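Just so we're clear, the structure is a prediction, and the values are computed from it rather than from any experiment.
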Amino acid sequence: MSLTTKAVLGAIWSISASVGGRALGLVGTLILTRFLAPAEYGVVSVAIVIVTTVDVLSSPGFGQYLVAHPKAGPEVAFHAAFFHILVGWLLLVVLLGAQGMLVTLFQMPDLVLYLPVVVAAVALERIGYIPTRVLARDMRFDVLGLRSVASEVTYAVLAVLLAWRGWGAAAVMWAFVARKVVEVVIGVGAVELRDWMAPTKLSLETTKGMLDFGLPMTGANVLHYISHRGDNLLIAGMFGPAAVGQYNFAYNIADIPATHIGEHIGDVLLPSFANLPTMEEKHRALLRASGLLALVVFPLAVGLGAVADTLVAVLLDPRWAPVAPMLMILSVLSIFRPAGWLVVSYLMAVKRTRTLAVLETVKAILVLSLIYVLGHWGILWACTAIGVAFGFQAIASHYSVHRVDHLSMWALTKPYLPPLLACVPMVGGVLGVRVLIGRATWWSLLVELAAGAAVYVASAFIVAGPQARDLLHLLRGAVRRRRANPEPEDA
């Protein structure tokens, strides 16, 4: 099976599983709004963000090293697992000792109810992380897809059940714990222990090689996470628990196209880029993937913003009404973020981790500083800051490729334009339906979605015809080859 086919099938597996699982998780979260007030959801969300931030701070980038080095053996995987678990557990213990300071900082006494349990769940997750990177390196995206679906279903079902039984915000906490348990069980169970946990004498040379790659990646990962989740902590400090609950909910919905489609495509392309033998082939793959990514992600992001008012009015409890304008603004980030993440995968594959560190530093500074400055005019301006920061990062990441690889900025940005133009009539179709119907109901939401999808497909074949036909060709070819060769062969 060719590398292209593996990448396409991997993307199909990863995206289908992630979107399907996230759809179930989203349904569960929507139901949760019937049982939880925004302030309750906000406090437990802040607890989860604090712990997962420490988790990322203590991740030395060795997982990405395994994926970017397909020929790395079990001894390298053992080094990665040993240091990943050790460093993570040490910092999580430090976090437990700082609970009192965090309660004072955020003025949220209930944080102490959630932090220890969330810490235990994340400590368990440290054990299961390296096996998932071995699976990604080996392009076993079917297992990773199953893991994603199972964990999301577990979270959604348990959170709703416990909230219905009156557990309040603790329902979210215990559902988070259950999700981590499922992820670890599936990840560890799918990989032979000898492939990542066979005891090996620690080697200074191996550790140094991993650190040379991983330390810049650590900084990039930390800054990426801060720009992705640190905003929650800043919003909590500026506007309080109810506002951060609403903001976090809006962000999570707006983030679906970027995280569950765009970033999964990037995850699939990292090993694919790494396996391509020449820079010329990597360049062609980057440009082609840019157009295909835009064709899939842009209509979802723009369409989400277009239907935001109707979506929130129909699906959410009235206490969550402020989510609608936030969602409309935040959906912009799902246009810029996947484009930046695609270049991130490319830069990791060509070992330019220091460039990533610089890009993530700039993005994190922009996100936090713009939220703080613009947020003084209100939370909607804080939401606007997210789109501005991610837009700048996408442009800067493409410029870094232009400067080093001498690809023109026009060549790098041209693939994004036809899919973006195809979104314009889609928005017109959605708004036209809304004006004709005049009120928000279940069936009006369905009509808006159907009208937007139909108009986009038609306009995509007109405005972005070559990319649309290329996508169909890849999907058909991958499915045919999968049927003809159900067992993957070496590329």
Side-chain angles (χ1 to χ4, degrees), residues 26 29-30 32-33 36-43 45-46 49 106-108 226-259 297-298 300-338 340 363-395 420 423-424 427 430-431 434-435 440 445 448 452:
L26 180 59
T29 305
L30 292 172
L32 276 178
T33 65
L36 299 180
E40 291 180 292
Y41 186 76
V43 173
S45 296
V46 168
V49 169
F106 291 101
Q107 294 296 304
M108 295 181 184
I226 289 174
S227 62
H228 181 51
R229 286 301 183 195
D231 53 336
N232 281 266
L233 303 182
L234 190 53
I235 294 289
M238 294 178 68
F239 300 103
V244 77
Q246 294 160 345
Y247 170 82
N248 187 52
F249 188 86
Y251 191 107
N252 286 339
I253 297 177
D255 202 32
I256 290 174
T259 299
V297 175
F298 284 7
L300 297 176
V302 176
L304 192 57
V307 302
D309 282 336
T310 306
L311 182 75
V312 171
V314 171
L315 298 181
L316 299 189
D317 185 276
R319 293 174 295 179
W320 294 80
V323 167
M326 294 183 197
L327 176 57
M328 189 180 303
I329 296 170
L330 288 168
S331 63
V332 174
L333 75 88
S334 283
I335 296 177
F336 294 118
R337 234 183 90 194
K363 183 178 69 176
I365 292 173
L366 279 175
V367 166
L368 299 182
S369 61
L370 288 175
I371 287 177
Y372 180 77
V373 173
L374 297 181
H376 284 83
W377 284 287
I379 194 167
L380 295 184
W381 279 101
C383 294
T384 303
I386 299 293
V388 173
F390 278 98
F392 181 87
Q393 191 262 355
I395 294 171
L420 189 59
C423 292
V424 175
V427 173
V430 171
L431 297 181
R434 185 177 305 163
V435 170
L445 175 61
E448 285 185 21

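Screening T33, V323, L316 against Q246 for a side-chain contact (heavy atoms from CB on, under 4.5 Å) leaves a single residue, V323. Here the options are V297, V427, V424, the test is side-chain contact (heavy atoms from CB on, under 4.5 Å), and the partner is V302; only V427 passes.
Remark: Y41 pairs with W320 by the ring pair (Phe, Tyr, Trp, His ring centres under 6.0 Å) rule, at least two apart or across chains. I395 is linked by a side chain to side chain contact (heavy atoms under 4.5 Å, CB included) to nothing, counting only residues two or more places apart in sequence or in another chain. A37 is linked by a side chain to side chain contact (heavy atoms under 4.5 Å, CB included) to E40, R319, counting only residues two or more places apart in sequence or in another chain. In this structure, the side chain to side chain contact (heavy atoms under 4.5 Å, CB included) partners of I329, at least two apart in sequence or on a different chain, are L380, C383, T384. In this structure, the side chain to side chain contact (heavy atoms under 4.5 Å, CB included) partners of N232, at least two apart in sequence or on a different chain, are V49, R229, V244, Y247, N248.
Residues L327 and A250 approach most closely at CD1-O, 3.7 Å, considering heavy atoms. Of all heavy-atom pairs spanning G452 and V430, the tightest one is CA-CG2, 3.8 Å. Nearest heavy-atom pair across L234 and L368 is CD2-O, 3.4 Å. Counting all heavy atoms, side chain and backbone alike, A440 lies closest to T310 at CB-CG2, 4.1 Å. Shown here for A324 and A308, the closest heavy-atom pair between the two residues is O-CB, 3.8 Å. Taking all atoms of both residues into account, the shortest heavy-atom contact from S331 to A301 is CB-O, 3.4 Å.
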Practice task
Would you sort out whether M326 and I379 count as a side chain to side chain contact (heavy atoms under 4.5 Å, CB included), showing the intermediate values?
Solution key: CA-CA 8 Å; M326 294 183 197; I379 194 167; 3.7 Å; yes

Handout entry: L366 and V388: CA distance, side-chain angles, deciding distance, side chain to side chain contact (heavy atoms under 4.5 Å, CB included) verdict
Key = CA-CA 8 Å; L366 279 175; V388 173; over 6 Å; no

Problem - Residue pair K363, F390: steps toward the side chain to side chain contact (heavy atoms under 4.5 Å, CB included) verdict - result: CA-CA 7 Å; K363 183 178 69 176; F390 278 98; 3.8 Å; yes

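A 6.0 Å sphere centred on CZ of F239 holds more than 12 heavy atoms belonging to other residues, nucleotides or ligands.
For the atom pair CD1 of I235 and OH of Y251, the computed distance is 11.0 Å after rounding to the nearest 0.5 Å. L445 contributes atom CG, which lies 6.0 Å from atom CG of L311 (distance to the nearest 0.5 angstrom). Between the CD atom in E448 and the CG atom in L431 there is a gap of 8.0 Å [rounded to 0.5 Å]. Atom OH of Y372 sits about 7.0 Å away from atom CE of M238, to the nearest 0.5 Å.
With a 4.5 Å cut-off on side-chain heavy atoms, L233 and F106 count as touching.
Listed by first then second residue, pairs satisfying salt bridge (Lys or Arg N to Asp or Glu O under 4.0 Å) with a partner in residues 240-254 number zero, not counting sequence neighbours.
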